[in-house]
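Working notes, beginning with the structure itself.
Note that the structure is predicted; figures quoted are calculated from it, not measured. We use all heavy atoms of the structure for the numbers below, so side chains are in, but hydrogens, waters and symmetry mates are not. Protein chains get the first letters and strands the later ones, always in sequence-line order, with residue 1 at the start of each.
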Amino acid sequence: MTGTYTQPDDDVRINLIAPVLAWIIPGWGHWHMGHRARAIFIALGILVLYVGGLLIGGIDVVDREEDFWWYCGQVCASPATLGIEWVKNEKLNPAPSPQAGSGRQTPASRKPQPPLPPSDPNFDPSYVPAYSVSLGHANEMGTLFTTIAGMLNLIVILEAFRLPRHQPGHYPAPGERAA
Amino acid sequence: MTTPLPFLLLSLSLAYRPFLDPLPVGEWWWLLFIPIVVATSMVWKAMRLQRLQFFPRQVVKMTLQVTLTMILLSVLLYVVVQVIIPRIT
């Protein structure tokens with residue numbers, strides 16, 4: 001990686017803590033190694049994408065059953081993805097809604113059903129879905145935002161394995177051995 | 001009870017619940033590529049620049065490069081799908 005602040009290839013020191021921190025909170029690995037400004041920019045970029053995706057599409061964009069591979073990308077952004085999936089399945093989807101039909105449970109039927117129109121005989125005015133299922137462009141963009149955040153954080157995590165500790169005032173030239 | 005009480009109370013006062021309801025992006029959904037490109041440029045340059053002295057300029061430069069490339073690819077794709085392929089088939 002010439003022309004960057006990382007170590008030359010012949011002076012490899014593998015970090016084990018920084019990548020874990022980078023996964024827990026994007027940018028924390030860089031902060032831990034002393035690269036504070038870079039950590040802030042990395043955190044800002046990745047968290048804007050991740051939180052923005054959840055705002056745009058709602059928590060429905062995190063779906064292990066229907067969008068497994070996108071979910072794998074979202075997990076790379078933060079372990080919060082695992083928490084969101086757990087909250088959805090255990091706290092917000094506890095049982096089939098009163099308006100859902102009986103029968104075999106599918107991933108779609110386990111989700112909160114939208115409110116019925118008032119003209120429907122089964123309309124329940126007190127029913128409020130725990131969360132709304134996002135569809136169309138909102139779901140697409142929300143999923144894209146969060147997964148891109150995960151992919152970027154994956155690069156950051158891999159970078160953190162060989163991240164040198166920050167030395168103020170020292171900027172190694174390409175190929176220069178780290179002090 | 002289907003919905004926890006705090007969410008039920010909140011839903012009585014708000015038509016939109018952040019993170020629980022999707023945003024109504026409507027027909028302007030394609031503009032959302034802008035924050036994607038800006039954030040990606042910011043993270044990439046934060047990792048790749050040897051010195052952060054020219055960070056803002058480099059981020060803007062990369063953002064414009066990616067945006068222009070996406071526009072050109074869109075135009076190229078449109079020409080291929082709408083013009084060239086109908087003439088071939």
Side-chain angles (χ1 to χ4, degrees), chain A residues 1 3-6 26-27 30 35 37-42 44-49 51-52 54-61 84 91-92 94-95 97-98 112 124 126-142 144-145 148-149 152-153 155-156 159 171-174, chain B residues 1-63 65-67 69-70 73-74:
Chain A
M1 297 183 180
T4 70
Y5 60 101
T6 54
H30 281 67
H35 302 276
R38 296 177 195 272
I40 291 172
F41 292 131
I42 289 171
L44 195 65
I46 293 177
L47 290 177
V48 161
L49 283 179
V51 175
L54 291 177
L55 276 173
I56 291 169
I59 59 174
D60 189 49
V61 301
I84 291 171
K91 298 298 181 184
L92 300 183
S97 69
D124 179 5
S126 66
Y127 171 69
V128 178
Y131 64 92
S132 297
V133 176
S134 62
L135 301 170
H137 293 307
N139 184 271
E140 289 172 358
M141 298 310 294
L144 193 62
F145 267 57
I148 288 178
L152 285 173
N153 201 36
I155 298 173
V156 173
E159 177 100 348
Y171 303 99
Chain B
M1 183 166 181
T2 305
T3 308
L5 182 61
F7 291 123
L8 182 61
L9 293 175
L10 190 64
S11 69
L12 295 176
S13 58
L14 291 176
Y16 166 72
R17 298 172 295 173
F19 299 108
L20 297 179
D21 300 325
L23 278 174
V25 293
E27 59 184 19
W28 302 105
W29 62 271
W30 54 274
L31 287 175
L32 292 172
F33 91 90
I34 296 175
I36 290 179
V37 174
V38 172
T40 303
S41 303
M42 187 186 302
V43 174
W44 185 257
K45 287 300 180 183
M47 286 193 294
R48 284 293 171 264
L49 286 177
Q50 188 173 357
R51 303 181 69 154
L52 296 179
Q53 179 181 358
F54 304 109
F55 178 75
R57 186 189 307 176
Q58 289 289 326
V59 168
V60 170
K61 181 181 173 184
M62 182 174 171
T63 301
Q65 287 173 336
V66 173
T67 303
T69 304
M70 289 175 67
L73 286 174
S74 302

Considering all heavy atoms, the nearest [X]-[Y] contact:
{"X": "B:Leu32", "Y": "A:Phe145", "answer": "O-CZ, 3.3 Å"}
{"X": "A:Met141", "Y": "B:Ile36", "answer": "CE-CD1, 4.2 Å"}
{"X": "A:Ala37", "Y": "B:Leu52", "answer": "CB-CD1, 3.6 Å"}
{"X": "B:Ala39", "Y": "A:Gly45", "answer": "CB-O, 3.6 Å"}
{"X": "A:Ile42", "Y": "B:Val43", "answer": "O-CG2, 3.9 Å"}

Taking atom [atom1] of [X] and atom [atom2] of [Y], what is their separation to the nearest 0.5 Å?
{"X": "A:His137", "Y": "B:Trp28", "atom1": "NE2", "atom2": "CH2", "value": "13.0 Å"}
{"X": "A:Leu55", "Y": "B:Leu23", "atom1": "CG", "atom2": "CG", "value": "6.0 Å"}
{"X": "A:Arg38", "Y": "B:Arg48", "atom1": "CZ", "atom2": "CZ", "value": "10.0 Å"}

Under 4.5 Å heavy-atom distance to chain B, tell me which part of [X] shows up: side chain, backbone, both or neither.
{"X": "A:Ile148", "result": "side chain"}
{"X": "A:Ile84", "result": "neither"}
{"X": "A:Val61", "result": "neither"}
{"X": "A:Leu49", "result": "side chain"}

Problem set entry | Contact class of B:Ser41 relative to chain A, heavy atoms under 4.5 angstrom | neither
Exercise. Under a 4.5 Å heavy-atom cut-off, does chain A meet the side chain of B:Trp44, its backbone, both or neither?
Worked result: side chain
For this session: Please report the C-alpha distance between B:Phe33 and A:Leu144 in whole Å, then the side-chain angles of each, then the deciding distance to 0.1 Å, and finally whether the side chain to side chain contact (heavy atoms under 4.5 Å, CB included) criterion is met.
Result: CA-CA 10 Å; B:Phe33 91 90; A:Leu144 193 62; over 6 Å; no
Exercise. Based on non-hydrogen pairs under 4.5 Å, which of A:Gly58, A:Gly136, A:Ala138, A:Ser132 is most in contact with chain B?
Worked result: A:Ser132
Exercise. Among A:Ile59, A:Ile56, A:Leu44, which residue forms the greatest number of heavy-atom pairs with chain B at distances under 4.5 Å?
Worked result: A:Ile56
Problem set entry | Contact check, side chains of B:Met47 and A:His35, non-hydrogen atoms, under 4.5 Å | no
Problem set entry | Note, A:Tyr131 side chain near B:Asp21 side chain (heavy atom, < 4.5 Å) | no
